Protein chains: 2
Amino acid sequence: MRVKEGNKEKDILEGAINVFAKEGYHGAKISKIAEVAGVATGSVYVYFENKEDILLKIFEQLWKQLYEELLSLSDKSIFSPTEKIDAMIDLAFDVFTSNPALADVFVNEQHHIQRSNKTQFTNYYEKFLGLGEEFIRQGIQKKIIHGSIDVKILRYFILGAIRNLLQSWLNDPKTFSLNKIRQNVKYLVKYGIQK
Amino acid sequence: MRVKEGNKEKDILEGAINVFAKEGYHGAKISKIAEVAGVATGSVYVYFENKEDILLKIFEQLWKQLYEELLSLSDKSIFSPTEKIDAMIDLAFDVFTSNPALADVFVNEQHHIQRSNKTQFTNYYEKFLGLGEEFIRQGIQKKIIHGSIDVKILRYFILGAIRNLLQSWLNDPKTFSLNKIRQNVKYLVKYGIQK
DNA sequence: CCTATTAATGAATCGCTATTCAAAAATAAA
DNA sequence: TTTATTTTTGAATAGCGATTCATTAATAGG
């Protein structure tokens, strides 16, 4: 009986992230993904149902990771709610700094799977956002955060700001230091622009 | 000599916005765009070079409009810098409220043309962002806005927040009232979350 | 050393849709 | 009218690339 050599599923996923990032979802050819992953074209279909399935798995993995890392923060009551939100922002920036291609896919291709609403992806995404909401609610309860702010709006506000800033960083990494972006985001979320 | 009937260029552009919004850029068929626009498939290629050119023109038009409307605000020294930024946010929300399909295309498809960097689009987009920057600088000069904030970062911060909130509104218009989103965005930009 | 079973392959298929272009339609001018 | 010119048309083309599947490779167990 032949036995699996290496971890092709992982290789394909990583290859796909890079090819999606460079060519965009539709510009990416399965044959190219296979080439980058160091496997045959047909092997891609051994491990994944189809092209969309690859993208789905990428996002599932991403949001699972983000959710679980955030979860480990949520317990720690040492942190105040605003510290938790800071940590959440750090978390996102850490993940994407270490994997710019993934950042690109995150920024540009998520809507493909939102169109065909697959719960696999949605699950961890919603959970992640749910935790974010939770932190905000704690902040409101402790009267650190303004109660007039809609929690659902705020979570998308922060996520959107980060998403767009990652994109501008990807387009022009020299002008934007990711560290400076991170600091500014934290500041702006907390205090806004006005003196 | 045959004479032009109606305004097919405009019809095609409007049709394309709706089809792109519903099917996504790659899912949108030229034949479908033609059908919705009430013209023959071939006519599309009389008015546009190719599919990408249609998308390009959509964004060119959008950013031109946004830029010009913002420009008319920039002179008015009656407004304070923060009022100008408020007006900028209002402007974006007004345009997209009146044309949700355009909002969808704006949110999801801009990266297609950013990949193949066309200056036509970039021109007005950059000009628009440049004006936003200008307002922020005025605010810093008048010591209304914190000087430690990076202007380039701030402009993408605001734009990104709006973009993502528009997307969540499109996905679930019942949960999110665009008016509430608008108010929250204005508040958050100015004061942040912290009491 | 066989053999059964699973893994991996990549050339061929097959559907799909952007784009083309020869023909038809409309009408201004003569 | 007739003609010349411009607009519009939509069926045909052409190429691309996702997906399939018959074949080959590897090896665990006997």
Side-chain angles (χ1 to χ4, degrees), chain A residues 1-60 105 108-109 111-113 115-116 118 121, chain B residues 1-60 105 108-109 111-113 115-116 118 121:
Chain A
M1 176 181 71
R2 191 171 186 176
V3 85
K4 285 187 183 172
E5 32 178 277
N7 191 341
K8 290 196 192 306
E9 185 173 346
K10 184 165 156 277
D11 294 344
I12 293 165
L13 234 30
E14 277 171 11
I17 289 169
N18 286 301
V19 180
F20 285 156
K22 189 179 282 171
E23 319 280 353
Y25 176 69
H26 282 283
K29 300 174 204 164
I30 297 290
S31 58
K32 183 71 184 174
I33 292 172
E35 187 198 318
V36 170
V39 302
T41 304
S43 299
V44 173
Y45 289 88
V46 172
Y47 291 93
F48 299 91
E49 262 181 56
N50 50 39
K51 196 177 177 181
E52 196 195 23
D53 187 38
I54 303 174
L55 191 64
L56 199 62
K57 295 277 162 58
I58 290 172
F59 275 97
E60 196 183 351
V105 178
N108 293 315
E109 315 297 351
H111 69 283
H112 288 300
I113 43 180
R115 255 180 229 292
S116 61
K118 306 281 184 182
F121 148 71
Chain B
M1 178 184 65
R2 190 171 185 176
V3 87
K4 283 189 184 170
E5 30 178 278
N7 190 341
K8 292 198 192 303
E9 185 173 348
K10 184 164 157 279
D11 294 344
I12 293 165
L13 234 31
E14 279 171 10
I17 289 170
N18 287 300
V19 180
F20 285 156
K22 190 179 284 173
E23 320 280 353
Y25 176 68
H26 282 284
K29 300 173 204 164
I30 298 291
S31 57
K32 182 71 183 173
I33 292 173
E35 187 200 319
V36 170
V39 304
T41 303
S43 298
V44 173
Y45 288 88
V46 173
Y47 291 93
F48 300 90
E49 262 180 56
N50 50 37
K51 196 177 176 181
E52 196 194 23
D53 187 39
I54 303 175
L55 191 64
L56 199 62
K57 295 278 161 59
I58 290 172
F59 276 97
E60 195 183 354
V105 178
N108 293 314
E109 316 296 351
H111 69 282
H112 288 299
I113 45 182
R115 263 192 213 323
S116 61
K118 307 282 184 181
F121 148 72

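Bear in mind the structure is a predicted one, so any value in this text is a computation, not a measurement. Proteins get letters first, then strands, A, B, ... in listed order; numbering begins at 1 in each.
- Atom-to-atom, CZ of Phe48(A) to P of dA8(C) comes out at 13 Å; the value is rounded to the nearest Å.
- When all heavy atoms of Ala37(A) and Ile12(A) are compared, the closest pair comes out as CB-CA, 3.7 Å.
- When distances are taken from the side chain of Ser43(A) to each of dG10(D), dT9(D), dA8(C), the shortest belongs to dA8(C).
- Rounded to whole Å, the distance from OH on Tyr25(B) to P on dT17(C) is 14 Å.
- Nearer the 5' end of DNA chain C, as judged by each residue's closest nucleotide, is the contact made by Ser31(B), out of Val3(B) and Ser31(B).
- In the set dA18(C), dG10(D), dA11(C), dA18(C) carries the atom at the smallest distance from any side-chain atom of Lys29(B).
- Backbone-only contact: Tyr47(B) has heavy atoms under 4.0 Å from sugar-phosphate atoms and none from a base.
- What separates NZ of Lys32(B) from P of dC16(C) is a distance of 16 Å, to the nearest Å.
- Checked against the 6.0 Å centroid threshold, His26(B) and His112(A) do not count as a close aromatic pair.
- In terms of heavy atoms, Ala34(A) sits closest to Val44(A) at CB-CG2, 3.9 Å.
- As judged by a 4.0 angstrom heavy-atom cut-off over every strand, Val39(A) is placed among residues touching the sugar-phosphate backbone only.
- Remark: C1' of dA11(D) and OH of Tyr45(B) are 15 Å apart, rounded to the nearest angstrom.
- Nearest nucleotide to the side chain of Lys8(B), out of dA8(C), dT19(C), dT9(D): dT9(D).
- Between the side chain of Arg2(A) and the base of dT6(C), no donor-acceptor pair under 3.5 Å is found.
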Go through it in stages, so that I can follow the logic: the residues are Tyr45(B) and Ile30(B), the test is side chain to side chain contact (heavy atoms under 4.5 Å, CB included), and I'd like the CA-CA distance, side-chain angles, deciding distance and then a yes or no.
CA-CA 9 Å; Tyr45(B) 288 88; Ile30(B) 298 291; 3.5 Å; yes
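- Closest to the Ile30(A) side chain, of the nucleotides dT9(D), dT19(C), dT19(D), is dT19(D).
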